[in-house]
Amino acid sequence: MSVDTNTVKKIASLARLAITEEDASRLAPELGNILHWIEQLEQVDTTGIEPMTAVIPNHLRLRDDVVNDGGIRDALMQNAPQGEHGFFTVPKVIE
Amino acid sequence: MSDVTDLGIAGLRDGFRSGEFSARDVAEAFNARVDAADALNAFLVKTPDHALAAADAADAARAAGEAAKPLAGVPIGMKDLFCTKGVATTAASHILEGFVPPYESSVSQNLWDAGAGMLGKLNMDQFAMGSSNETSAFGNVISPWRRKDGGNAPLAPGGSSGGSSSAVAARLCPGATGTDTGGSIRQPAAFTGISGIKPTYGRCSRWGTIAFASSLDQAGPMARDVRDCAIMLEAMAGFDVRDATSLQLDVPQWEAGLSADLKGKRIGIPKEYRVDGMPAEIETLWQQGIDWLRDAGAEIVEVSLPHTKYALPAYYIIAPAEASSNLARYDGVRYGLRDLPEGAGLQDMYAATRADGFGDEVKRRIMIGTYVLSAGFYDAYYTQAQKVRTLIARDFERAWEACDLLLAPTAPSAAFALGEKSADPIAMYLNDVFTVPSSLAGLPAMSVPGGLDSAGLPLGLQIIGKPLDEQVVLNAGLAIEQRAGFVARPEAWW
Amino acid sequence: MTEHAYRIQGATGEWEVVIGLEVHAQVTSDAKLFSGAAATFGAEPNTQVSLVDAAMPGMLPVPNRECIRQAVRTGMAIDAQINRWSRFDRKNYFYADLPQGYQISQLYHPLVGEGAIEISLDDKNPDAAGKTIGVERIHVEQDAGKLMHDQHPTRSYVDLNRSGVALMEIVSRPDMRSPAEAGAYLSKLRSILRYVGSCDGNMDQGSMRADVNVSVRKPGDELGTRTETKNVNSVRFVMAVVEQEAKRQVEVIEAGGKIAQETRLYDPDRNETRSMRSKEDAHDYRYFPDPDLLPLELDDAFLDECRASLPELPDSKRARYEAAGITRYNAAVLTADVDTARWFDALLDAGASAVPAANWVTSELFGALNRLGKDIAASPVSPTQAAELLALVADGTLSGSLAKQVFEVMLETGDAPGKIVEDRGLKQTSDTGAIEAVIADVMEKNPNQLAQYRGGKEALFGFFVGQTMKAMGGKANPGVVNELLKKALG
Ligand SMILES: [Mg+2]
Ligand SMILES: [Zn+2]
């Protein structure tokens with residue numbers, strides 16, 4: 001797979017990573033190489049094979065419907081870069 | 001009294017219990033060693049008070065005649081991937097700089113409950129992504145080892161648990177936590193001449209451990225020898241209701257079960273692990289390991305794991321895919337770095353924060369992961385990789401029909417110099433070629449030191465076991481350890 | 001229904017509208033889907049948030065059994081396929097109300113598969129045909145937090161109290177063809193959820209909201225391009241969205257334009273939909289199975305309990321009422337909401353007979369509650385008291401009008417009807433001697449009317465009934481009065 005700079009920009013935008021034109025040009029061949037390398041997986045015949053869903057046989061445990069958490073606003077917000085009146089705050093979003 | 005920092009976990013525990021020294025003496029001695037080793041850059045945060053407080057609690061309990069806790073008197077190092085309450089936790093990333101968790105990870109809590117104290121938070125590859133500890137935002141960790149070639153090239157301690165391996169090898173702590181996603185306990189252990197075990201997926205809770213790739217991440221101990229690993233793993237492991245993938249099983253008494261007698265055990269030698277270009281010294285060590293295990297009573301059989309060569313590319317789809325999603329929460333809203341350029345909107349803030357906060361390797365993997373999950377590519381990459389993963393797991397299941405354990409080298413080379421491979425991501429990824437398959441299958445696997453290469457650097461042997469068969473893995477490790485007689489340690493230059 | 005098919009008259013002819021609804025219903029539970037924080041509405045900001053809901057580093061989801069159970073029961077209530085093996089997937093996107101950077105949802109293997117909901121459009125007409133609306137799937141997912149944009153000039157506020165609350169997303173087939181059908185479907189779905197107890201159906205609190213998918217086509221053509229109008233929170237608005245959006249699409253197409261597949265927003269003040277520009281950038285959600293969660297496997301015991309705990313559902317309840325002689329219309333009214341149906345069932349259990357009870361509830365009780373502005377659940381008169389009242393009517397103790405008087409007193413005082421009758425002497429009398437005496441008196445006092453009546457003006461019979469009843473203080477048995485009057489008047 002060869003990757004062009006537009007693809008790099010599109011992926012970076014999906015991943016919310018700001019990149020410069022320079023970054024994109026540098027990353028395009030690098031990602032292309034890695035993708036080319038992982039594409040050897042195409043050679044494996046996986047007809048009739050189920051994708052792995054659980055690494056080790058194990059069952060999903062379910063929790064009881066009990067309220068035993070919350071009420072920890074100060075702890076939650078102590079690391080917040082910005083917040084006021086008990087809210088986290090972000091630059092104004094226009095919907 | 002000899003230097004307590006020469007003792008491992010078992011030695012410290014036993015010496016403390018028998019009254020040879022106080023826990024405070026031990027903590028102070030290790031705190032001093034940590035302080036004197038800044039040149040290794042192994043610690044991101046030093047927590048001497050934590051170690052002293054645990055030591056004082058142990059001493060007080062002993063004075064009061066209470067039964068000693070399993071790790072009473074033992075200070076350890078904590079990889080910075082584990083959230084520690086009130087102690088900065090960054091995963092060695094700028095994006096979490098200044099983050100102080102208001103909670104304690106299950107694994108670290110288990111260790112404190114067992115009486116251990118913390119010497120500090122250990123440097124690592126950023127978000128555990130790397131094999132050389134060169135991706136930390138806070139500088140490389142340097143291996144205490146040096147080549148005996150007259151040069152002083154700083155060597156990689158392996159990664160991602162490079163702070164842990166370096167600190168244990170340099171006797172800054174008797175044991176340290178590691179995490180292993182594709183080899184991050186075993187490869188650094190091999191590079192630095194120590195032991196480390198990744199248990200079966202689900203043995204150690206992932207709650208409170210910063211996620212890299214959820215279906216692969218497992219915590220485990222890194223220590224000087226097999227017994228110390230067994231002791232520490234017993235304390236770390238255990239069922240946790242807060243982790244839906246945690247195994248609801250009792251923790252076996254691995255230390256008590258240790259035995260180097262392998263009579264009746266069959267050891268499989270996977271022929272696909274004889275890769276082209278493997279250094280002759282590693283081949284030789286592998287053969288040596290085979291002989292040691294045979295000497296311990298085991299029967300040796302050749303087995304085939306036909307999909308081995310696809311494990312690495314499958315891993316480099318699955319792990320980045322999971323990581324791209326797991327790392328989406330670092331967005332500058334609730335904690336960590338926020339980069340808000342003049343006039344930026346919300347989405348610009350995300351992009352600026354993440355571009356600034358994540359290192360190059362992290363961004364590279366987020367990009368790969370985003371790409372392989374994106375519209376039109378999901379099936380070709382991710383689904384195919386998960387199918388290959390099924391085949392890899394099946395290879396192991398077939399192998400278990402013929403044997404109880406597998407023996408292989410841990411890494412395809414000894415420690416390399418810092419900077420030697422960092423320009424070529426794929427060359428770096430190839431370091432994990434022997435460790436990744438067992439990670440993909442969730443199997444317990446351990447690295448123990450086998451000997452030194454001609455440059456005087458340690459080489460590791462890897463033992464891979466059946467699910468939940470940590471005991472047999474540890475026993476085989478012990479058998480090798482006893483026969484290898486590995487006593488080399490790096491000369492202190494730092 | 002074809003004869004009444006809903007059509008939009010365009011310049012180029014008739015257009016048909018095709019509607020599908022994706023309804024998000026908040027699952028009734030104490031705690032959130034993946035954490036132990038409370039799921040209740042209206043708390044102080046960020047006080048019902050756990051480390052998991054705020055996506056702190058290293059936090060992991062553990063699913064709440066009750067949320068799974070309620071979704072399974074809902075699936076069973078619409079005869080849907082229950083998938084014993086399902087999985088949670090991550091839907092990845094960045095937004096300030098989504099702390100994890102992904103929503104845990106179910107794309108590839110939902111908990112509930114194909115089901116169906118019967119709707120009827122004309123309850124008054126016993127012959128009106130119903131219609132089956134297909135349900136494609138029900139999956140379980142996390143709700144997002146809430147953003148507030150009007151608190152600060154340059155900042156939006158983030159409240160994560162709703163973050164992680166359990167939702168069921170109920171996805172219909174594009175089987176609806178008119179605003180009325182869309183409205184009937186949503187009402188019926190709401191009714192079923194409330195019967196099952198899996199969602200409180202409080203649309204004004206956001207417990208239920210619909211994404212309305214609308215497209216138009218010439219009858220018989222292929223499906224047109226659809227738009228999705230998000231988060232519409234009332235039945236009335238859903239109908240308005242369908243109407244406005246269909247009209248708009250016809251206008252766009254007939255003017256030579258194309259419908260963009262896009263997300264839209266409904267503005268009730270202007271009764272129009274408009275494009276949501278903020279969501280316009282093409283989404284690529286990169287769904288993949290959540291590696292923090294194993295596949296969800298349901299066993300027989302779990303499914304058996306879900307089935308056994310299902311209540312009688314509106315359709316069978318309605319059939320039962322109709323079989324008891326209740327009119328189709330009354331049966332529909334009585335079963336439309338679970339609170340009414342529960343109240344009515346309690347009335348029947350207290351011994352009231354079906355038909356008069358149905359008539360009384362739909363006229364007297366509903367009229368009174370309407371006047372008082374009260375829900376039936378808050379009715380000042382209990383089903384037991386109502387049954388007693390109806391029994392007094394049935395055994396002739398009370399006439400219809402006396403019953404009305406007693407009911408008014410019951411509403412005011414909360415007293416039992418027997419006590420009211422006793423205290424106020426409201427008992428109806430069938431004493432022929434007393435009634436005959438009053439009749440004789442009435443005839444004597446109204447000679448003119450008597451003459452006219454006897455002269456053939458039979459309409460005056462009612463006048464004599466009224467005078468007699470009035471003189472008896474309303475307590476005379478109307479049947480007896482009629483009989484004796486006929487005799488006396490000749
Ligand atoms: Mg939707
Ligand atoms: Zn949804």
Side-chain angles (χ1 to χ4, degrees), chain B residues 81-83 89-91 96 99 101-103 105-106 127 202 205-211 213-217 240-246 318-319 321-322 324-331 333-336 345-347 349-351 354 369-378 382-383 386, chain C residues 33-36 46 49-65 87-104 107-108 145 147 149 154-158 160 163 278-279 281-296:
Chain B
L81 205 59
F82 296 90
C83 288
T89 301
T90 62
L96 273 174
F99 175 62
Y103 51 94
S105 82
S106 293
F127 281 102
S205 168
R206 294 184 296 112
W207 192 92
T209 307
I210 293 174
S214 310
S215 74
L216 294 150
D217 296 344
D240 185 357
V241 291
R242 298 178 297 184
D243 175 357
T245 60
S246 169
I318 294 163
E322 293 183 9
S324 71
S325 178
N326 282 337
L327 270 59
R329 66 189 55 199
Y330 305 103
D331 60 7
V333 176
R334 298 164 313 287
Y335 44 78
L346 176 69
Q347 300 295 342
M349 181 187 92
Y350 290 154
R354 293 163 58 79
T370 303
Y371 184 89
V372 300
L373 290 177
S374 66
F377 296 109
Y378 172 75
Y382 188 80
T383 310
Q386 289 289 32
Chain C
L33 179 55
F34 293 114
S35 88
N46 292 310
V49 183
S50 73
L51 298 168
V52 177
D53 309 315
M56 300 302 274
M59 290 302 106
L60 299 172
V62 180
N64 181 336
R65 180 184 296 103
R87 272 214 84 154
F88 289 101
D89 300 303
R90 293 184 182 176
K91 177 183 185 178
N92 294 283
Y93 64 96
F94 287 88
Y95 203 56
D97 62 6
L98 191 72
Q100 293 166 137
Y102 54 84
Q103 177 197 33
I104 307 180
L107 176 70
Y108 298 109
L147 289 188
H149 307 298
T154 60
R155 295 175 188 171
S156 292
Y157 282 16
V158 185
L160 299 178
S163 167
S278 66
K279 304 234 168 170
D281 87 291
H283 271 146
D284 182 344
Y285 291 122
R286 289 158 286 134
Y287 276 100
F288 76 110
D290 191 328
D292 284 332
L293 295 163
L294 296 155
L296 172 60

Seminar exercise, completed: Heavy-atom closest pair (C:P61 atom, B:A244 atom, distance to 0.1 Å) is O-CB, 3.7 Å
Exercise. B:C83, B:A321, B:G369, B:S374: which one forms the most heavy-atom pairs within less than 4.5 Å of chain C?
Worked result: B:S374
Exercise. So which part of B:T370 gets closer than 4.5 Å to some heavy atom of chain C, the side chain, the backbone, both or neither?
Worked result: both
For this session: Kindly compute the distance separating CG (B:N326) from OH (C:Y102), expressed to the nearest 0.5 Å.
Result: 5.5 Å
For this session: Measure distances from B:V241 to the heavy atoms of chain C and classify the residue's part below 4.5 Å as side chain, backbone, both or neither.
Result: backbone
Exercise. Atom CG in B:L346, atom CG in C:L147: separation rounded to 0.5 Å?
Worked result: 8.0 Å
For this session: Write down the atom of C:M59, the atom of B:Y103, and the distance for their closest heavy-atom approach.
Result: CE-CE1, 3.4 Å
For this session: Please flag which part of B:Y330 lies under 4.5 Å from any non-hydrogen atom of chain C: side chain, backbone, both or neither.
Result: side chain
Problem set entry | Side-chain heavy atoms of B:R206 within contact of C:D292, under 4.5 Å | yes
Exercise. With a 4.5 Å limit on heavy-atom distance, are the side chains of B:Y378 and C:D284 in contact?
Worked result: no
Exercise. Hey, what's the ring geometry for B:Y382 with C:F288, parallel, tilted or perpendicular (30° and 60° as the breaks)?
Worked result: perpendicular
For this session: Could you grab the distance from atom OG of B:S215 to atom CG of C:L293, nearest 0.5 Å is fine?
Result: 12.0 Å
Problem set entry | Shortest non-hydrogen contact from C:L60 toward B:R242 | CB-O, 3.6 Å
Seminar exercise, completed: Whatever's closer than 4.5 Å to a heavy atom in chain C on B:T245 counts as both
Exercise. Shortest non-hydrogen contact from C:R90 to B:S325?
Worked result: NH1-OG, 2.8 Å
For this session: Please state whether the side chain, the backbone, both or neither of B:A213 comes within less than 4.5 Å of a heavy atom of chain C.
Result: neither
Problem set entry | Contact class of B:Q386 relative to chain C, heavy atoms under 4.5 angstrom | neither
Exercise. With side chains defined as the heavy atoms from C-beta onward, is the minimum distance between C:M56 and B:P102 less than 4.5 Å?
Worked result: yes
Exercise. For C:Y287, is it the side chain, the backbone, both or neither that has a heavy atom under 4.5 Å from a heavy atom of chain B?
Worked result: backbone
Exercise. With only heavy atoms counted, which part of B:D243 is less than 4.5 Å from chain C, the side chain, the backbone, both or neither?
Worked result: both
Exercise. Can you find a heavy atom in the side chain of B:L96 that is under 4.5 Å from one in the side chain of C:P57?
Worked result: yes
